[in-house]
**Student:** 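This is the structure I have questions about; it appears just below.
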Amino acid sequence: FYACTQASGIIPLISAIFGRCAGGVAYSSALMDFVLMIRGQSQLFITGPKVIKAVTNEDVSFEELGGADVHSKKSGVCDIVVGTEEEMIKGIKELLSLLPDSNMSHPQRVTPSDDPDRQDEGLLSIIPREDRKYYNMLHIIKKVVDDGYFFEIKKNYAKNIITGFGRMDGWPVGIIANQPAYLAGALDINASDKGSRFIRFCDAFNIPVITFVDIPGYLPGIHQEHLGIIRHGAKMLYAYAEASVPKITVIIRKDYGGGKQAMCSKPMGTDLVIAWPSAELAVMGAEGAVDVIYGREIAKAENSGDIRDRLIDEYKNVFGGPYEAARKMYIDDIIEPQETRPKIINALKILRNKKPSKMDKKHGNIPL
């Protein structure tokens with residue numbers, strides 16, 4: 001445990017679980033940066049089924065207790081699930097190809113086969129005309145990165161946020177994105193933990209972070225509040241603000257409420273914020289904002305429906321696009337969707353030798 005902790009942030013740490021790993025030794029994997037497991041073969045747990053039966057009278061199998069599916073979907077312990085031992089070794093090699101040898105070096109560039117100036121017209125038709133309809137953010141990511149290659153991390157855990165590695169002009173980058181296809185892309189407790197840990201890994205190993213934003217805000221609800229969404233959600237704020245690697249934010253559609261800061265807005269220290277014409281930066285959606293601000297006036301009016309519709313239209317005219325935010329300098333540039341790839345690559349070239357100053361301190365105190 002001590003050796004793993006001392007090595008953390010100096011060299012990448014990868015744990016490959018080939019069989020059953022029980023008891024205190026299972027914590028070794030939790031201290032690693034990435035955990036790989038084999039479906040139907042790997043198992044991780046602290047207390048075995050027999051002890052659980054004796055103490056709690058619960059019946060559970062080894063696989064149900066700590067199998068790959070459990071840890072990749074429910075607990076979030078597992079980052080990558082494979083089907084065979086051969087796939088495990090292949091996955092480790094692929095992961096290592098995207099990472100530097102240590103925190104003193106940078107990820108290695110591969111000779112790109114994809115044109116850095118490529119503009120994909122397919123990006124124009126991904127966003128639905130109705131803002132309440134969802135789409136798959138992975139389709140955008142794969143059209144922007146080199147050759148559509150994306151190595152996803154924690155694919156089956158907290159699906160409302162996407163984390164993984166890709167390449168831009170041959171250089172490895174970390175990508176984090178809201179996924180509108182799950183919970184509308186809202187941040188909940190698990191997504192906050194998943195995202196913040198990934199950001200901190202990228203920062204430790206000099207990997208630029210690209211953020212794709214379509215967020216309605218933090219997920220509301222009594223359950224989330226009581227489980228500590230304030231504390232967990234703050235991890236995203238801390239991780240982004242702390243990160244000193246190049247940070248580029250691309251606002252695709254919604255950028256609402258506290259989600260703006262949680263997904264690396266301009267005041268949070270991002271180096272470049274670009275937005276599509278479909279981007280909306282506001283405290284909340286038009287309907288909700290009008291009901292909060294003008295609720296009493298609307299309730300008293302005789303033609304309340306007409307007044308509400310008019311106010312919603314007025315709100316949308318101001319905040320329904322990226323132009324007001326750009327005027328206030330929260331956005332650096334408004335681009336057409338097909339320009340996303342060359343814009344990001346050009347920005348990464350400019351930011352490659354970024355050397356930010358740091359305050360003299362031992363370390364901060366992230367809200368764990």
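Computed from heavy atoms alone, side chains included, the values below leave out hydrogens, waters and symmetry copies. Given the structure is predicted, the values throughout are model-derived calculations rather than measurements.
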**Student:** For side chain to side chain contact (heavy atoms under 4.5 Å, CB included), just list the numbers for M263 and T249, CA-CA rounded to whole Å, side-chain angles, deciding distance to a tenth of an Å, and then say yes or no.
**Tutor:** CA-CA 8 Å; M263 296 303 292; T249 299; 5.9 Å; no
**Student:** Taking R341 as the fixed residue, which of D146, D169, D117 is the one that meets the salt bridge (charged side-chain N to carboxylate O under 4.0 Å, His left out) rule?
**Tutor:** D146
**Student:** Tell me whether the count of non-hydrogen atoms from other residues, nucleotides or ligands lying under 6.0 Å of OH in Y27 goes above 12.
**Tutor:** no
**Student:** With a 4.5 Å cut-off on side-chain heavy atoms, are L123 and W276 touching?
**Tutor:**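 Contact flag for W276/L123 side chains = yes.
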**Student:** Could you go through V35 and H71, starting from their C-alpha distance and side-chain angles, then the distance that decides it, and tell me whether this counts as side chain to side chain contact (heavy atoms under 4.5 Å, CB included)?
**Tutor:** CA-CA 10 Å; V35 176; H71 287 307; over 6 Å; no
**Student:** Would you give the length of the straight line joining atom OH of Y218 to atom NE2 of H232, rounded to the nearest 0.5 angstrom?
**Tutor:** 11.5 Å
**Student:** Do the side chains of D332 and K266 get close enough for a salt bridge, i.e. N-O under 4.0 angstrom?
**Tutor:** yes
**Student:** In terms of side-chain heavy atoms, does D214 have a donor or acceptor partner in Y135 at a distance below 3.5 Å?
**Tutor:** yes
**Student:** Could you report the tightest heavy-atom contact between L272 and A347, atom names first, then the distance?
**Tutor:** CD2-CB, 3.6 Å
**Student:** If I take atom CE from residue M329 and atom CD1 from residue I331, how far apart are they, to the nearest 0.5 angstrom?
**Tutor:**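 The CE atom of M329 sits 12.0 Å away from the CD1 atom of I331.
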**Student:** Looking at every heavy atom in both L281 and A325, which two are closest together, and how far apart are they?
**Tutor:**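 Taking L281 first and A325 second, the nearest heavy atoms are CD2-CB, 3.7 Å.
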**Student:** What I want to find out is whether K328 reaches E324 closely enough, with some N-O distance under 4.0 Å, to be called a salt bridge.
**Tutor:** yes
**Student:** Roughly how far apart are I215 CD1 and N160 CG, rounded to 0.5 Å?
**Tutor:**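 It comes to 9.0 Å.
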**Student:** Under the side chain to side chain contact (heavy atoms under 4.5 Å, CB included) rule, what do T340 and I335 come out as? Steps first, then yes or no, please.
**Tutor:** CA-CA 7 Å; T340 305; I335 65 169; 3.8 Å; yes
**Student:** Is L227 atom CG crowded by more than 12 heavy atoms from other residues, nucleotides or ligands, each under 6.0 Å away?
**Tutor:** yes
**Student:** Hey, is CG on N353 packed in by over 12 heavy atoms from elsewhere, all under 6.0 Å?
**Tutor:** no
**Student:** Any chance you could measure D193, atom CG, to Y157, atom OH, to the nearest 0.5 Å?
**Tutor:**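 Here the interatomic distance stands at 6.0 Å.
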**Student:** Determine the minimum heavy-atom distance between P246 and D271, stating which atoms define it.
**Tutor:**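 Heavy atoms of P246 and D271 come nearest at CA-OD2, 3.4 Å.
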**Student:** Locate the shortest heavy-atom distance separating S29 from L44; write the atom from each residue and the value.
**Tutor:** OG-CD2, 4.1 Å
**Student:** Work out which heavy atom in M37 is nearest to a heavy atom in G66; give both atom names and the distance.
**Tutor:** CE-O, 3.7 Å
**Student:** Would I251 and V273 count as a side chain to side chain contact (heavy atoms under 4.5 Å, CB included) here? Give the steps.
**Tutor:** CA-CA 7 Å; I251 305 173; V273 177; 3.8 Å; yes
**Student:** Ring-plane angle category for F198 and F165, please: parallel below 30°, perpendicular beyond 60°, tilted otherwise.
**Tutor:**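 Ring orientation, 0 to 90° scale: tilted.
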**Student:** Got a sec: does the NZ of K53 have more than 12 other heavy atoms crowding it under 6.0 Å?
**Tutor:** yes
**Student:** So with a 6.0 Å cut-off around CZ of F151, is the heavy-atom count from everything else above 12?
**Tutor:** yes
**Student:** Hey, do the aromatic rings of Y134 and Y182 have their centres closer than 6.0 Å?
**Tutor:** no
**Student:** When rounded to the nearest 0.5 angstrom, what is the spacing between CZ in R200 and OG in S8?
**Tutor:**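 Separation between the atoms: 9.0 Å.
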**Student:** Quiz question: by atom type and distance under 3.5 Å, do the side chains of Q179 and N136 form a donor-acceptor pair?
**Tutor:** yes
**Student:** Without swapping roles, check the side chain of D114 against the backbone of D147 for a donor-acceptor pair under 3.5 Å.
**Tutor:** yes
**Student:** Going from OG on S97 to CD1 on I92, what distance comes out if it is rounded to the nearest 0.5 angstrom?
**Tutor:** 12.5 Å
**Student:** Quick one, K154 with D79, criterion salt bridge (Lys or Arg N to Asp or Glu O under 4.0 Å). Give me CA distance, side-chain angles, the key distance, then yes/no.
**Tutor:** CA-CA 4 Å; K154 292 191 187 298; D79 297 279; 3.0 Å; yes
**Student:** Go through the steps to decide whether K90 and E94 satisfy the test salt bridge (Lys or Arg N to Asp or Glu O under 4.0 Å), and finish with yes or no.
**Tutor:** CA-CA 6 Å; K90 181 181 178 182; E94 187 175 355; over 6 Å; no
**Student:** Do F205 and I210 share a hydrophobic cluster, counting only Ile, Leu, Val, Met, Phe, Trp and Tyr and linking them when any side-chain heavy atoms are less than 4.5 Å apart?
**Tutor:** no
**Student:** If you compare all heavy atoms of K194 against all heavy atoms of T163, which two are closest, and at what distance to 0.1 Å?
**Tutor:** CE-OG1, 3.3 Å
**Student:** For the residue pair S244 and D203, establish whether any side-chain heavy-atom pair is separated by less than 4.5 Å.
**Tutor:**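 With C-beta onward as the side chain, the pair touches.
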**Student:** Should W171 and L348 count as side-chain neighbours, where that means a heavy-atom distance under 4.5 Å?
**Tutor:**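 No. Closest side-chain heavy atoms not under 4.5 Å.
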**Student:** So with a 6.0 Å cut-off around CD of E297, is the heavy-atom count from everything else above 12?
**Tutor:** yes
**Student:** Going by atom types only, do N206 and H106 share a side-chain donor-acceptor pair under 3.5 Å?
**Tutor:**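 H106 and N206 do not have a side-chain donor-acceptor pair below 3.5 Å.
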